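Since the structure comes first, as structure tokens, the remarks are kept for the end.
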Protein chains: 2
Amino acid sequence: MKSANENLSDILANKGLKSSHQRLKILEYLANNPCHPTADKILHEMKNELPTLSKSTVYKTLNSFVEANLLRELTIEDREIRYEYNLEDHGHFKCEECGEVYDFKINFDIFHSKELEGFKVNDKNIYFKGVCKSCLSNKN
Amino acid sequence: MKSANENLSDILANKGLKSSHQRLKILEYLANNPCHPTADKILHEMKNELPTLSKSTVYKTLNSFVEANLLRELTIEDREIRYEYNLEDHGHFKCEECGEVYDFKINFDIFHSKELEGFKVNDKNIYFKGVCKSCLSNKN
DNA sequence: GTTCCTGCAAAAGCTTTGCAGAAGA
DNA sequence: TCTTCTGCAAAGCTTTTGCAGGAAC
């Protein structure tokens, strides 16, 4: 039976990415934490396990992963790139009160626009903003 | 018959915003140019008409307008906030080759997600990325 | 006369880049 | 051994902030 890291290692290899301790740990973190973290959050969350991990390594790693289609980049807000390992079609909801980002299922195939005929679509994003259930009930 | 600027002036007043030469010109520019400009583009496009216009005025003005729901902010890419005067529901397509942003009609009412029941949705965004028709045909 | 806006400069914040040494294959 | 990754520091860019003078009402 393979360990989780052997699997992740294979994933990197399949994408043509060299393996390293840092890369495996960052990928593992993203696979286990579907919380749409920013680069900064990842850095701080991993400081215990990887005390010497640097910002630039995190940024370079995340960019390699995005380029290899291993991660998806979320640009819901300016100056706050978030990353997720979930590559299936889905939408995002960001709560303006608590900042939490929620996933929700959505079928992207329902979109058909005559205006986009002849266009090559590589990436589809949908995000909503508002107030989440939990913040709404805290107000009452 | 009112001039266009008198109308824009009324719009500002209705939103509780003080009128000024700069604000009217910036709003006029956005109303006439549905090209989803960035703050920087607006600044440069207006240099002829308003030679002393400053970056900070542009940023502050745009932020006031967004807060007053007079403009919509697009965050398709990080570090590149674009603005538009069109507040009707529609989607955006950004061409990865030429950088152009296209609007397309979309009915946001078709989205129904059980996962968002009990959530208060204030803002809906949808954007696609890919290659536009014009860039595709230039390749052949 | 007040209030709020403008514009200059400086600061802030996130992301990228350059480079020397280290790690991986 | 050769390539590529890591991590430090510095640079780059967009956006925000502070403040004095000026415009709007």
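Letters A, B, ... mirror the listed sequences (proteins, then strands); counts begin at 1. Just so it is clear, the model here is predicted, and its values are computed rather than measured.
Contact annotation for A/S20: backbone-only contact, meaning every heavy-atom pair under 4.0 Å involves sugar-phosphate atoms and none involves a base. Backbone-only engagement by A/T61 is indicated by non-hydrogen atom pairs under 4.0 Å involving sugar-phosphate atoms exclusively. A/D40 comes within contact range of no nucleotide atom at all, as no heavy-atom separation falls under 4.0 Å.
Put simply, NE2 on A/H21 is 18 Å from C1' on C/dA25, counting in whole angstrom units. What separates CG of B/L12 from P of C/dT3 is a distance of 21 Å, to the nearest Å. Rounded to an integer number of Å, the gap from NE2 of B/H44 to P of D/dC13 is 13 Å. The interatomic distance linking B/D78 (CG) with C/dC14 (P) rounds to 11 Å, in whole Å. One interatomic measurement links the two molecules: CZ of B/F65 to C1' of C/dT6, which rounds to 13 Å at whole-angstrom precision. What separates CE of B/M46 from C1' of C/dT6 is a distance of 14 Å, to the nearest Å. The separation between A/L62 atom CG and D/dC5 atom P is 14 Å, rounded to whole Å. Taking atom CD of A/Q22 as the reference point, atom C1' of C/dA22 lies 10 Å away to the nearest angstrom.
The base of D/dC25 has none of its N or O atoms less than 3.5 Å from a complementary donor or acceptor on the side chain of B/S19. Residue A/K60 places no side-chain atom within donor-acceptor reach of the base of D/dT6, judged by atom type and a 3.5 Å distance cut-off alone. The base of D/dT15 has none of its N or O atoms less than 3.5 Å from a complementary donor or acceptor on the side chain of B/K55. With hydrogens and angles ignored, no donor-acceptor pair under 3.5 angstrom links the side chain of B/R79 to the base of C/dT15.
Between the CD1 atom of B/I126 and the CD1 atom of A/I106 there is a distance of 8.0 Å, given to the nearest 0.5 Å.
Distances shown here put a side-chain N or O of B/N63 below 4.0 Å from the OP1 or OP2 atom of D/dT16. Here A/S54 does not reach the OP1 or OP2 of D/dT6: none of its side-chain N or O atoms lies under 4.0 Å away. Checking the phosphate oxygens (OP1, OP2) of C/dG24, no side-chain nitrogen or oxygen of A/R23 falls inside 4.0 Å. Distances shorter than 4.0 Å separate some side-chain N or O of B/T52 from OP1 or OP2 on C/dG7. Using a 4.0 Å cut-off, no side-chain N or O of B/Y59 falls inside it from OP1 or OP2 of D/dT16.
In this structure, B/E117 does not pair ionically with B/K114, as no charged nitrogen and carboxylate oxygen lie closer than 4.0 Å. The existence of a salt bridge linking A/K129 and A/E77 is confirmed by a sub-4.0 Å separation between a basic side-chain nitrogen and an acidic carboxylate oxygen. The existence of a salt bridge linking A/E97 and B/K120 is excluded, since no basic side-chain nitrogen approaches an acidic carboxylate oxygen closer than 4.0 Å.
Nucleotides of DNA chain D nearest to A/S64 and A/S56 differ in position, and the one nearer the 5' end is that of A/S64.
Among the nucleotides C/dG24, C/dT15, C/dC5, the one closest to any side-chain atom of B/K18 is C/dC5.
Using cut-offs of 30° and 60° for the angle between ring planes, the A/F119 and B/Y102 rings count as perpendicular. Ring geometry for A/Y127 against B/Y127 counts as perpendicular: the plane angle is over 60°, on a 0 to 90° scale with 30° as the lower cut.
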